[in-house]
Protein chains: 2
Amino acid sequence: MTKKLLLKDVARLAGVSEMTASRALRGAPDVSAKTKAKIEEIARSHGYVPNRIAGSLSSQSVNLVAVVVPSLNSFVFPEVLSGISAVLKDSPLKPVVGISGYDLEEEESVIREMLSWRPSGLIVAGLEHTEATCRMLQQADCPVVEVMDVDGDPVRHCVGISHLQAGRDMAAQILARGYRRIGFIGTKMPQDFRARKRFDGFTDGLAAQGVTLSDIEHYSGESAIQTGRQLTAQMLARSPDLDCIYFSSDVMSVGGLMHCLAAGLTVPGDIALAGFNNLQILQGLPQQLATTDACRREIGERAAGIILQSRETGGTEGLVFDRLCPAISLGETL
Amino acid sequence: MTKKLLLKDVARLAGVSEMTASRALRGAPDVSAKTKAKIEEIARSHGYVPNRIAGSLSSQSVNLVAVVVPSLNSFVFPEVLSGISAVLKDSPLKPVVGISGYDLEEEESVIREMLSWRPSGLIVAGLEHTEATCRMLQQADCPVVEVMDVDGDPVRHCVGISHLQAGRDMAAQILARGYRRIGFIGTKMPQDFRARKRFDGFTDGLAAQGVTLSDIEHYSGESAIQTGRQLTAQMLARSPDLDCIYFSSDVMSVGGLMHCLAAGLTVPGDIALAGFNNLQILQGLPQQLATTDACRREIGERAAGIILQSRETGGTEGLVFDRLCPAISLGETL
DNA sequence: ATCGGTAGCGAAACCGTTATCGCTACCGGC
DNA sequence: GCCGGTAGCGATAACGGTTTCGCTACCGAT
């Protein structure tokens with residue numbers, strides 16, 4: 001490990017000034033091809049790695065986009081990230097991920113940390129934040145996009161779907177197919193606002209046609225196939241006359257399907273099942289499960305697009321409020 | 001959006017010097033409780049967010065740990081990350097993730113980008129890198145840990161399991177249970193070195209007892225249940241006399257199980273199945289699939305531990321080479 | 001021969017914070 | 001009453017680049 005190599009060292013070795021070396025390595029103009037080649041050669045051979053801390057401080061620009069999501073285990077956010085990465089791919093911007101753990105206090109601290117690096121943009125999942133977080137988002141001098149959800153008041157830009165509507169729509173589909181004894185299995189309510197909204201929309205949609213939920217089960221912790229299977233078993237034991245269960249996540253509905261398989265129940269004959277997200281794990285199972293596509297990838301793409309956009313226009317453009325329309329796929333379980 | 005608030009503004013408002021404000025906000029000593037309270041109050045009420053770019057440049061320290069993994073969709077790396085996060089939780093260090101996309105050139109560029117931020121540590125998946133990457137890892141003036149794999153020559157520290165051995169062990173288990181007509185279904189070989197090593201170890205383990213693979217299928221693209229199901233169907237159609245299939249990933253073996261379910265094949269009666277990773281999606285399925293636990297979380301924990309360790313000791317300690325022992329669980333499909 | 005324009009390069013200021021060192025009260029001990 | 005020690009605070013110089021501006025050749029056109 002040689003002592004750290006600075007720009008001034010590269011410059012000295014190349015017999016030029018720091019400025020010329022800086023320009024050459026950044027591909028800036030005003031450097032002759034010959035000089036540039038020489039400097040690049042020296043930098044490469046000596047393994048020079050520029051110090052972006054110093055560079056960013058000086059240029060007052062950081063080519064990073066902060067992305068704050070609740071979790072990476074849930075199967076849903078990695079795909080949002082894919083969308084973001086894809087769009088940022090051929091721009092100088094790079095995504096940086098922070099995890100809030102479905103905790104608004106933690107979210108606040110993660111966002112504060114992120115903003116302290118003065119990123120070129122911030123993408124954050126959800127519309128619910130602490131007061132302090134909202135202030136930071138408002139005052140941030142970079143584009144801010146709240147994603148996933150449109151049911152609420154975004155601070156600035158917003159891209160997502162209406163989970164309230166998604167719940168209502170699924171209720172309508174379920175009722176339209178004649179189910180009336182309906183159960184709901186959902187995830188940790190207080191912290192997952194979108195799941196909560198789907199639940200509210202769902203009960204709302206049922207109520208619109210005079211139907212109330214016959215059974216409800218809430219659980220804490222991450223969604224898992226195993227959990228879905230166990231809770232489905234419990235619920236059906238408790239309420240054997242149910243004819244349909246709506247799960248707040250596909251991961252859970254897969255568990256439901258697994259229980260039915262094991263218990264010899266036909267789906268949707270004995271019991272209909274529906275989930276949410278349209279995760280990839282639904283493909284290849286014994287039956288195509290009913291679900292709502294959460295437009296995860298597209299949300300990521302559009303959010304990244306907004307960041308790029310307002311970079312070009314200098315951020316003096318109007319607000320974007322992008323409400324995507326999630327498609328329900330009925331599969332074979334409704 | 002108010003014009004950006006600087007430390008000097010906070011200091012002026014509090015009627016103290018920049019230094020005192022800086023000390024107060026960082027919790028450094030030499031500030032009276034009264035002064036500190038006043039400065040903190042002003043900073044909070046005005047929504048001051050410190051500029052960590054400037055701070056890091058000045059203090060020559062960045063409290064970030066760079067983590068470079070091939071993908072976040074594969075179900076496997078998020079759990080490594082969980083382990084890292086958990087250990088870093090109550091230290092000032094924060095993990096920052098970079099995605100290499102199973103591409104060594106991309107990995108090089110991501111690592112270069114990461115190192116240009118002068119992180120406090122670097123954790124990278126795999127032992128195979130471009131020449132330039134290796135030079136960077138050697139010259140990096142922060143602890144470097146290569147994780148997941150121990151079959152090769154680490155640049156510095158290393159934590160992982162032997163995938164070669166994992167393949168061999170699974171071969172031994174399969175042979176011990178009497179299977180002889182064995183197929184293998186594995187992922188994009190040239191880029192996923194660990195899958196390749198499991199394959200090599202597996203064929204090696206079979207060869208040790210005079211058995212050769214009866215059928216082999218390689219595919220490109222991400223692993224998916226659907227893919228596993230289709231390839232299993234194809235392979236069994238082509239080689240109906242197989243009695244066991246080893247998959248390079250649990251995601252694929254789940255697909256295999258789904259095919260058997262659909263085709264009315266009993267497992268392991270008609271065909272035995274085994275995967276790798278011990279992913280959470282194995283829990284709750286109709287049968288407990290055979291697999292090898294890849295120690296993902298523990299690898300993350302130990303890697304983060306090494307970073308913390310060498311931070312305390314000033315990095316003057318010996319190299320760590322941590323070879324974990326993955327446990328095979330036979331489940332009900334072998 | 002003169003002149004305007006530009007390609008190529010360098011000197012100095014600056015980005016916003018922290019490290020370092022020095023200074024001033026104020027305190028208790030003798 | 002003097003003195004050494006320390007708590008509390010401020011001035012200044014980094015940190016390693018980039019921005020800005022200025023300078024020097026050199027070019028073709030007049």
Side-chain angles (χ1 to χ4, degrees), chain A residues 3-40 42-43 46-64 92 112-113 115-120 141-142, chain B residues 2-40 42-43 46-64 92 112-113 115-120 141:
Chain A
K3 66 210 72 173
K4 46 190 170 183
L5 199 63
L6 304 181
L7 181 63
K8 81 170 71 152
D9 300 317
V10 175
R12 186 168 27 76
L13 290 169
V16 297
S17 73
E18 285 184 54
M19 265 322 300
T20 302
S22 171
R23 278 195 270 254
L25 295 175
R26 276 178 301 140
D30 286 350
V31 185
S32 72
K34 200 173 139 192
T35 309
K36 181 172 173 181
K38 183 173 180 184
I39 293 170
E40 278 173 343
I42 290 184
H46 289 257
Y48 170 69
V49 179
N51 185 328
R52 222 167 284 262
I53 306 262
S56 297
L57 178 62
S58 178
S59 66
Q60 295 287 76
S61 76
V62 180
N63 286 334
L64 295 177
R112 190 187 311 283
E113 173 73 18
L115 286 180
S116 76
W117 289 100
R118 303 290 190 266
S120 294
D141 65 341
C142 67
Chain B
T2 349
K3 66 210 72 173
K4 45 192 173 182
L5 198 64
L6 303 181
L7 182 62
K8 81 170 72 150
D9 301 315
V10 175
R12 187 169 24 77
L13 290 168
V16 297
S17 72
E18 287 183 55
M19 264 323 298
T20 303
S22 171
R23 279 194 269 253
L25 295 174
R26 276 178 301 139
D30 285 350
V31 186
S32 72
K34 201 173 137 189
T35 309
K36 180 173 174 181
K38 183 173 179 184
I39 293 170
E40 278 173 344
I42 290 184
H46 289 258
Y48 169 70
V49 179
N51 185 327
R52 221 167 284 266
I53 306 263
S56 297
L57 178 61
S58 179
S59 66
Q60 295 287 74
S61 75
V62 180
N63 285 334
L64 297 176
R112 191 189 310 282
E113 172 73 18
L115 286 181
S116 76
W117 289 100
R118 305 286 134 103
S120 294
D141 64 343

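Naming convention: chains lettered A, B, ... in sequence-line order (proteins, then strands); numbering from 1 in each chain.
- Proximity of A/Val62 to A/Pro119: side-chain heavy atoms (C-beta onward) are nowhere separated by under 4.5 Å.
- Atom C1' of nucleotide C/dG8 and atom NZ of A/Lys36 are separated by 14 Å, given to the nearest angstrom.
- Annotation: the terminal axes of the helix from C/dA1-D/dT30 to C/dC30-D/dG1 meet at 40°, where each axis is the rotation carrying the C1' atoms of four end pairs onto the next four (5 pairs per end, rounded to 10°).
- The nearest whole Å value for the distance from the CG atom in B/Leu25 to the P atom in C/dG16 is 16 Å.
- Residue B/Gln60 places at least one side-chain N or O closer than 4.0 Å to OP1 or OP2 of D/dG16.
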Trace of the side chain to side chain contact (heavy atoms under 4.5 Å, CB included) decision for A/His46 with A/Val10: CA-CA 8 Å; A/His46 289 257; A/Val10 175; 6.0 Å; no

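- Expressed to the nearest 0.5 Å, how far CD1 of B/Ile53 lies from OG of A/Ser61 amounts to 9.0 Å.
- B/Thr20 contributes atom OG1, which lies 10.5 Å from atom CG of B/Leu25 (distance to the nearest 0.5 angstrom).
- The nearest whole Å value for the distance from the CG atom in A/Asp9 to the P atom in D/dG16 is 10 Å.
- Using a 4.0 Å cut-off, some side-chain N or O of A/Thr20 falls inside it from OP1 or OP2 of C/dG10.
- Proximity of A/Thr35 to the phosphate of C/dC9: a side-chain N or O atom is located under 4.0 Å from OP1 or OP2.
- Rounded to the nearest 0.5 angstrom, B/Glu18 CD and B/Asp9 CG are separated by 9.0 Å.
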For nucleotides 17-22 of chain D, just jot down a letter per nucleotide in 5' to 3' order: B, S or -, based on protein non-hydrogen atoms under 4.0 Å. BBB---

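- For the atom pair B/Arg12 CZ and B/Lys8 NZ, the distance stands at 8.5 Å (nearest 0.5 Å).
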I would like to know whether B/Trp117 and B/Ser56 meet side chain to side chain contact (heavy atoms under 4.5 Å, CB included); could you show each step before the answer? CA-CA 10 Å; B/Trp117 289 100; B/Ser56 297; over 6 Å; no

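- Atom NZ in A/Lys38 sits about 11 Å away from atom P in C/dC9, given to the nearest Å.
- Two residues are said to be in side-chain contact when any heavy atoms from C-beta on lie closer than 4.5 Å; A/Ile39 and A/Tyr48 fail this criterion.
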